[in-house]
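Taking it in order: structure first as structure tokens, then the write-up.
To find a chain, count down the sequence lines: A is the first, B the second, and so on, and within it residues start at 1. As the structure is a prediction and not an experimental result, all values here were calculated from the model.
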Amino acid sequence: MKLKLLDCKEIVVENKSGKEIAASISESLSKECIAYKLNGKLYDLYSIVSEDGDFELITKKSPEAKNILNHSCAHLLADAIKSLYPDALFAIGPAIEDGFYYDIDFNGKILREEDLAKIENKMKEISKKNTYIIKKVISKDEALRQFANNPYKVEIISELDDQEISTYTQGDFSDLCIGPHVPSTGYIKFFKLESIAGAYWRGDSKNKQLTRIYGFASFTKEELEHHIAVKEEAKKRDHRKLGKELGLFMLSEYGPGFPFYLPNGLMLRRQIENWWYQIHDMNGYKIIKTPVILSKELWLTSGHWDHYKDNMYTTKIDDREFAIKPMNCPGSILVYNSELHSYRDLPLRLAELGLVHRHEASGALNGLFRVRCFTQDDAHIFCRRDQLQDEIVKLLKLYDEMYSVFGLDYSIVLSTRPEEGYIGDIEIWNESEKILADACKATGKDFKINPGDGAFYGPKLDFKLKDCMGRIWQCGTIQLDMNLPTRFDCTYIDQNGNKVRPIMLHRAILGSFERFLGIIIEHFGGAFPTWLAPVQIKILPVNNEQHLEKCKLLQQDLLKAGFRVEIDSSEEKLGYRLRTAQIKKIPYTLVIGDKECEFNTVTYRKFGTNEQINVPLEEFKTLLNKEIEDKKFLVDTKKI
RNA sequence: GCCUUCUUAGCUUAGCUGGUAGAGCAACUCAUUCGUAAUGAGUAGGUCGUAAGUUCGAAUCUUAUAGAAGGCACCA
């Protein structure tokens with residue numbers, strides 16, 4: 001066999017495994033290897049190289065290595081469970097982005113978190129034995145026979161082609177698997193079983209619910225410890241915890257999914273709203289507000305009554321049926337249709353901070369990330385066909401501008417036409433999808449494609465942000481709508497005096513204030529930039545008797561200058577009051593004593609630093625104004 | 001909605017196999033007036049999410065119910 005190595009050297013081998021090739025290069029390299037890649041496909045280290053091509057050894061440091069290890073660890077888990085719970089039936093156990101899981105049917109036996117330690121110990125035992133993990137290619141019939149008592153595997157096997165079926169065996173344990181795996185169980189040394197959850201077989205809620213065990217494996221002890229530490233750290237910046245500690249919002253059992261804004265949280269939200277209105281004024285949007293309750297007929301016309309009724313709250317007024325809006329679009333369309341439009345008026349951008357209510361499943365609720373009432377930063381753009389491309393490019397730039405103010409990373413997903421149940425012509429779909437893709441390319445934005453995941457009424461771009469646990473939440477969206485303009489007979493008058501149907505775009509940038517606030521609370525770990533901080537300045541008199549009066553004057557002065565200022569005049573030592581201000585993550589703490597009173601200066605300490613800086617009052621105001629104007633970050637968000 | 005777990009003072013939490021609850025922080029009082037991450041002493045505060053049951057006796061066991069957490073499904 002002729003193999004081309006990564007460094008472009010060519011070698012010729014005869015009947016050699018990856019391990020032997022690695023050993024022929026160097027002994028230490030062969031110890032580091034766990035698999036190899038040939039022409040882009042991964043193979044077990046001990047399998048014989050069977051064709052010419054590009055050859056690459058996968059070491060513990062290769063990007064592919066983590067996945068292989070975690071997948072092998074899933075097998076190790078199954079092996080341990082097989083010996084502890086012989087009746088358990090294994091469904092699927094893949095590696096995932098951050099670890100692995102295995103879905104198991106325990107046949108009515110309930111597994112508890114405390115059982116995980118026992119399983120982990122068994123896994124360690126098997127790991128110590130360092131048994132080989134051996135692949136065997138078998139026929140479909142053979143596989144069906146071997147796994148006959150496991151309906152899950154049988155279902156999987158019956159969907160596979162004859163050539164692609166193989167098993168992996170370690171000791172007494174065999175599992176259906178395509179591989180590859182690490183060569184032996186001894187490679188899996190550092191791992192942790194993390195949690196137990198329910199999960200439906202094949203992800204379908206009609207199917208039986210299996211027990212899912214999540215875990216994480218790594219090649220080094222350090223990496224495993226780091227992984228655990230990161231999770232611990234993430235818990236500290238959970239927005240639900242910070243929301244309570246910083247007095248931002250609350251949830252009550254009297255209104256599950258209906259958040260209450262506390263003074264600090266509403267102050268934070270107001271800052272973002274003000275900024276949002278400014279940006280939209282500057283970008284040619286017309287801002288409106290539409291009613292929260294609208295009649296059933298409207299929702300019948302829009303189609304929401306048929307498609308979305310189960311998620312809508314309804315009410316009666318004078319015996320007439322009404323619904324609380326789950327979306328702002330119909331209201332916005334009524335505004336559009338309330339007057340005649342010329343082609344010269346387009347694009348018409350109607351924006352609204354719209355309060356919507358949706359009945360979300362109780363199990364879906366999650367802090368501010370998933371709620372039953374929220375305010376979308378919505379806009380509906382009515383434009384001509386020839387304006388669409390330009391409009392979307394404009395939008396992408398606006399999204400980027402707004403996210404970058406917070407230093408947020410985001411990813412874009414393009415969802416395309418569903419297989420069935422869609423409306424509109426295929427050509428229009430194709431063209432719209434191309435326009436969305438081209439707009440991303442034109443602005444230099446990477447995007448993934450999610451085929452068939454578009455709404456029935458049009459393709460869309462979704463903007464996804466991550467929370468502190470690495471979970472991904474959709475925030476922004478740009479959706480083309482080929483449905484509503486028709487249903488509501490929206491038109492404009494073109495150059496020739498004809499009525500023409502406009503193109504309608506739905507868009508939300510932050511998505512909802514609730515979810516977005518949740519994201520930035522975690523992103524900043526509660527240490528908000530000065531422009532957002534609910535309280536920007538805390539004034540501490542050194543001595544209440546001598547300095548409190550001066551502090552009150554100073555507070556008045558700063559309040560008049562537009563800053564958000566509080567005084568801590570409690571009878572506590574300065575150190576204690578300073579600590580309190582730091583815990584509340586207040587950007588600036590001013591200490592006012594004799595020196596400051598005499599010379600009209602302030603001594604400030606910025607959050608996250610322990611420097612004391614003394615400046616004239618006016619200079620402090622200038623500095624702060626500049627920081628607010630620039631929307632500067634208080635501290636490096638990664639470090640919190 | 002489904003699976004598992006959890007629910008003790010404002011907050012964080014102890015309470016093993018059932019014998020009517022312990023603490024830290026916060027609050028309040030008093031003393032201390034002390035210039036950059038916790039001054040000291042004391043007071044008050046809970047019947048253990050809610051409802052029913054088992055028991056001589058339940059925070060602790062059973063059932064129902066509400067809410068929450070981690071997932072799954074859902075997010076048109």
Side-chain angles (χ1 to χ4, degrees), chain A residues 101 103 106 110-116 194-214 231 235 238 240-241 244-245 247 250-257 302-312 326-327 329 358-367 369-372 374 418 421 453-458 460 462 469 471 473-474 477 479 483 511-512 515 538 540-548 570-584 589-596 603-607 609-614:
Chain A
Y101 67 79
D103 282 350
F106 278 93
I110 293 165
L111 200 72
R112 290 172 205 286
E113 298 267 345
E114 57 258 33
D115 297 323
L116 293 182
E194 303 194 290
S195 62
I196 298 179
Y200 299 106
W201 164 239
R202 302 233 131 168
D204 188 336
S205 59
K206 290 188 198 79
N207 291 339
K208 183 165 182 181
Q209 196 151 44
L210 309 172
T211 304
R212 175 173 294 182
I213 301 176
Y214 283 96
K231 290 223 157 166
K235 276 187 201 151
D238 186 310
R240 291 167 297 197
K241 185 169 148 66
K244 199 177 265 180
E245 286 171 3
M250 61 174 253
L251 288 157
S252 158
E253 61 178 309
Y254 291 103
S302 72
H304 288 101
W305 194 267
D306 295 328
H307 282 279
Y308 206 63
K309 196 173 58 181
D310 292 345
N311 286 304
M312 286 164 74
M327 289 177 188
C329 343
R358 299 179 185 178
H359 178 75
E360 301 288 352
S362 59
L365 302 179
N366 187 320
F369 288 150
R370 194 82 179 267
V371 288
R372 285 179 173 155
F374 52 99
D453 204 41
F456 72 93
Y457 51 75
K460 58 177 181 170
D462 286 333
M469 297 298 284
R471 292 175 295 206
W473 298 92
Q474 184 190 314
T477 185
Q479 305 185 0
N483 180 40
S512 80
R515 181 173 288 182
K538 183 71 98 177
L540 309 182
V542 169
N543 179 314
N544 272 335
E545 278 166 29
Q546 290 152 39
H547 311 122
L548 186 55
S570 60
E571 296 286 332
E572 296 285 355
K573 287 173 75 174
L574 186 63
Y576 180 84
R577 286 176 288 153
L578 190 93
R579 176 174 183 271
T580 310
Q582 294 290 307
I583 285 170
K584 296 287 179 193
T589 308
L590 303 186
V591 174
I592 304 300
D594 290 341
K595 199 171 57 181
E596 289 78 10
T603 299
Y604 71 83
R605 174 169 158 169
K606 195 173 172 177
F607 176 81
T609 71
N610 45 24
E611 271 179 298
Q612 298 168 44
I613 300 170
N614 184 264

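- Using a 4.0 Å heavy-atom distance criterion, A:Ala197 is classed as a base contact.
- A gap of 22 Å separates the P atoms of B:U13 and B:A21, to the nearest Å.
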Between the protein and nucleotides 44-51 of chain B, which nitrogen or oxygen pairs are less than 3.5 angstrom apart?
none

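- With hydrogens and angles ignored, a donor-acceptor pair closer than 3.5 Å exists between the side chain of A:Glu596 and the base of B:G35.
- When the P atom of B:A73 is taken as reference, atom CD of A:Gln209 falls 10 Å away, rounded to whole Å.
- Within the 4.0 angstrom heavy-atom criterion, only backbone atoms of the sugar-phosphate kind lie near A:Tyr214; the bases stay farther away.
- In this structure, A:Asn207 atom CG and B:C3 atom P are separated by 15 Å, rounded to whole Å.
- Distance alone, capped at 3.5 Å, places no donor-acceptor pair between the A:Arg515 side chain and the A:Val371 backbone.
- In this model, the phosphate group of B:G70 is approached by a side-chain N or O of A:Arg240 to a distance below 4.0 Å at OP1 or OP2.
- Taking atom OH of A:Tyr101 as the reference point, atom P of B:C72 lies 8 Å away to the nearest angstrom.
- Note on A:Glu571: a base of the nucleic acid sits closer than 4.0 angstrom, heavy atoms only.
- RNA chain B is contacted by both A:Gly363 and A:Arg358; A:Gly363 maps to the nucleotide lying nearer its 5′ end (nearest heavy atom per residue).
- Contact annotation: A:Lys244 side-chain N/O to B:U12 OP1/OP2 distance is under 4.0 Å.
- OP1 and OP2 of B:C74 both lie 4.0 Å or more from every side-chain N or O belonging to A:Arg370.
- Spacing between atom CG of A:Leu365 and atom P of B:C2 amounts to 14 Å, rounded to whole angstrom units.
- When the C1' atom is compared between B:C61 and B:U17, the two are found 12 Å apart, to the nearest whole Å.
- Comparing B:A27 with B:G71, their C1' atoms are spaced 39 Å from each other, to the whole Å.
- In terms of polar N and O atoms assigned as donor or acceptor, the side chain of A:Arg202 never comes within less than 3.5 Å of the base of B:C72 in a complementary pairing.
- Between the base of B:G71 and the side chain of A:Tyr200 there is no donor-acceptor pair shorter than 3.5 Å.
- For B:C75, the base has no donor-acceptor partner in the side chain of A:Glu360 [N/O atoms by modelled type, under 3.5 angstrom].
- Residues A:Asp204 and A:Arg202 are not paired through a salt bridge, judged by the lack of any N-O separation under 4.0 Å between the basic side chain and the carboxylate.
- Spacing between B:A26 and B:A51 at atom C1', rounded to whole Å, works out to 32 Å.
- The shortest distance between the side-chain N/O atoms of A:Arg212 and the OP1/OP2 oxygens of B:G70 is not below 4.0 Å.
- Look at the P atom in both B:U43 and B:U12: the space between them is 26 Å, to the nearest Å.
- Applying a 4.0 Å cut-off to non-hydrogen atoms, the residues of residues 576-583 of chain A that approach RNA chain B are A:Tyr576, A:Leu578, A:Arg579, A:Gln582, listed by residue number.
- Here A:Ser195 does not reach the OP1 or OP2 of B:G70: none of its side-chain N or O atoms lies under 4.0 Å away.
- Comparing the same atom, P, in B:C3 and in B:G22 gives a spacing of 38 Å after rounding to whole Å.
- For the pair A:Lys584 (side chain) and A:Glu245 (backbone), a donor-acceptor distance under 3.5 Å is present.
- Distances shown here put every side-chain N or O of A:Asn366 at or beyond 4.0 Å from the OP1 or OP2 atom of B:G71.
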